[in-house]
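These notes are about the structure you will find just below.
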2 protein chains.
Amino acid sequence: MTTRSQTPAPRARVRPPPDAATPAEARTRLNEWIAERGLKATRQRDLIVDTFFGATGHLSVDELLSKVQERDENIGAATVYRTMKILADSGLASPRHFEDGQTRYEAAIGRHHHDHLICTSCHAIIEFENERIEELQDLVARQHGFLVTRHKLELYGLCKACQARQPKR
Amino acid sequence: MTTRSQTPAPRARVRPPPDAATPAEARTRLNEWIAERGLKATRQRDLIVDTFFGATGHLSVDELLSKVQERDENIGAATVYRTMKILADSGLASPRHFEDGQTRYEAAIGRHHHDHLICTSCHAIIEFENERIEELQDLVARQHGFLVTRHKLELYGLCKACQARQPKR
DNA sequence: GGGCCGGTGAAATTGATTCTCAAATTCAAC
DNA sequence: GTTGAATTTGAGAATCAATTTCACCGGCCC
């Protein structure tokens, strides 16, 4: 059922998704992680994880909540927030903070570190990796005596399609 | 979780500030910009601009508000928010969104583009420039057909002092 | 010497996220 | 299967930064 087509999920991915996880694998991994620390597996968590890993791209909690509620309308927002936090803690999903004020999550199973190109017009998000840039970042950090644990590199601009669509402006 | 205590303003700058603006110059520049579009110069705006350019580092509105209220306790938060938005629109200040959930502003007069190293322990913010990284970013963008208008590069980790302070952990 | 207009500041609002708490669920041990 | 302790759930309240609203201000121009 296409519910009201609110904010379109940021379209992503130019080539076939490099995501290496099936929903089933993710559920299994999460339940292992949960069992290890005395937490409990629940139907809701499974459903949320299943939905998240069955989708692609960079989902906000809101977007994910809509998808989840298509399958079970009684699931509350708080549960989705809590579940995504657990997914992030367990390393199965990565939270991203782009500049729209919402936290977005992306699948993190079997994925390399990568950075993002973000179209400010259509909100497409394209991922890229660049080893040289990483090396230079490390170099800069060392020059300042810094020990870097993570970084954020985001390039904002117009994607090819949007450039063609709106020549100027 | 969020320490309620007045988080100290992130200390910045390892060498002498490269900021190239005096408060007076900034006031003048802003008033020109304001006059050009039929807005009005006000005592409050001057005071806020003066305070902002008289300080260094990356100030949150909250921190700036405190400083401003030391000089005139009747100035309201809304005015500081509005004034900083005007400063940003006029190009005299740059808004930055680091990962503490608040917008921080830095002086932008006579400054080059630069990126940031951020200590996750003491919240120091160090600025750096690296031409090679910029070039590589442009290259990556071109390879994806992107027209980049701005970017964000932030390296998070431990500064030298904090590494010494907490050898492990 | 009254309008006109933008500016001001206190309070209310918004929007994302987190917290609270009673009720429901999970799960290991009977 | 049943029990019971511990955890999870979901609705609504609370938070927090940021924005908006709105009634009052204060110059400036006829």
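A, B, ... follow the sequence lines: proteins, then strands. Residue 1 opens every chain.
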- [ ] May I ask you to verify if any side-chain N or O of B:Thr79 is less than 4.0 angstrom from the OP1 or OP2 atom of C:dT8?
- [x] no

Open item on the list: Base, sugar-phosphate or nothing for B:Ala77? Non-hydrogen atoms, less than 4.0 Å.
Closed with: nothing

Task: Touch class at under 4.0 angstrom, heavy-atom based, for A:Thr103 against every strand present - done: sugar-phosphate

Task: Phosphate OP1/OP2 of D:dT8 contacted by A:Thr42 side-chain N/O (<4.0 Å) - done: no

Task: Separation of atom CG in A:Leu39 from atom P in D:dT9, rounded to whole Å - done: 10 Å

Open item on the list: How close do B:Thr79 and B:Gln44 get, counting heavy atoms only, and between which atoms?
Closed with: CG2-CB, 4.1 Å

Open item on the list: What is the distance, to the nearest angstrom, from the CD1 atom on A:Ile75 to the P atom on D:dG10?
Closed with: 6 Å

Task: B:His116 ring center within less than 6.0 Å of B:Phe98 ring center - done: yes

Task: Short side-chain N/O contact from A:Gln44 to OP1 or OP2 of D:dG10, under 4.0 Å - done: yes

TODO: Report the distance from atom CE of B:Met84 to atom P of C:dT8, rounded to the nearest whole Å.
DONE: 14 Å

Task: Residues B:Glu154 and B:Arg96 bridged, charged N to O under 4.0 Å - done: no

- [ ] Establish, from distance only, whether the side-chain atoms of A:Glu127 and A:His112 form a donor-acceptor pair under 3.5 Å.
- [x] no

Task: Residue whose closest nucleotide on DNA chain C lies nearer the 5' end, B:Glu73 versus B:Ala41 - done: B:Ala41

Task: B:Ser60: side chain to side chain contact (heavy atoms under 4.5 Å, CB included) partners, not counting sequence neighbours - done: B:Asp62, B:Glu63, B:Gln102, B:Arg104

Open item on the list: If we check salt bridge (Lys or Arg N to Asp or Glu O under 4.0 Å) with A:Asp50, which of these qualifies: A:Lys67, A:Arg45, A:Arg71?
Closed with: A:Arg71

Task: Length of the line joining B:Asp100:CG and C:dT17:P, which is rounded to integer Å - done: 15 Å

Task: Length of the line joining A:Gln69:CD and D:dT9:C1', which is rounded to integer Å - done: 14 Å

- [ ] Find the distance A:Leu47:CG to C:dT26:P and express it as a whole number of Å.
- [x] 13 Å

Task: Distance in angstrom units between A:Gln102 CD and C:dT18 P, rounded - done: 13 Å

Open item on the list: Rounding to an integer number of Å, can you tell me how far A:Arg43 CZ sits from C:dC27 C1'?
Closed with: 17 Å

Open item on the list: Nearest to the B:Arg45 side chain among C:dT8, C:dT17, D:dA17, which nucleotide is it?
Closed with: C:dT8

Task: For A:Asp72, salt bridge (charged side-chain N to carboxylate O under 4.0 Å, His left out) partners two or more places apart - done: A:Arg43

- [ ] Encode nucleotides 20-30 of chain D as B, S and - characters from 5' to 3', where the letter depends on protein heavy atoms closer than 4.0 Å: B to the base, S only to sugar-phosphate, - to neither.
- [x] BB----B----

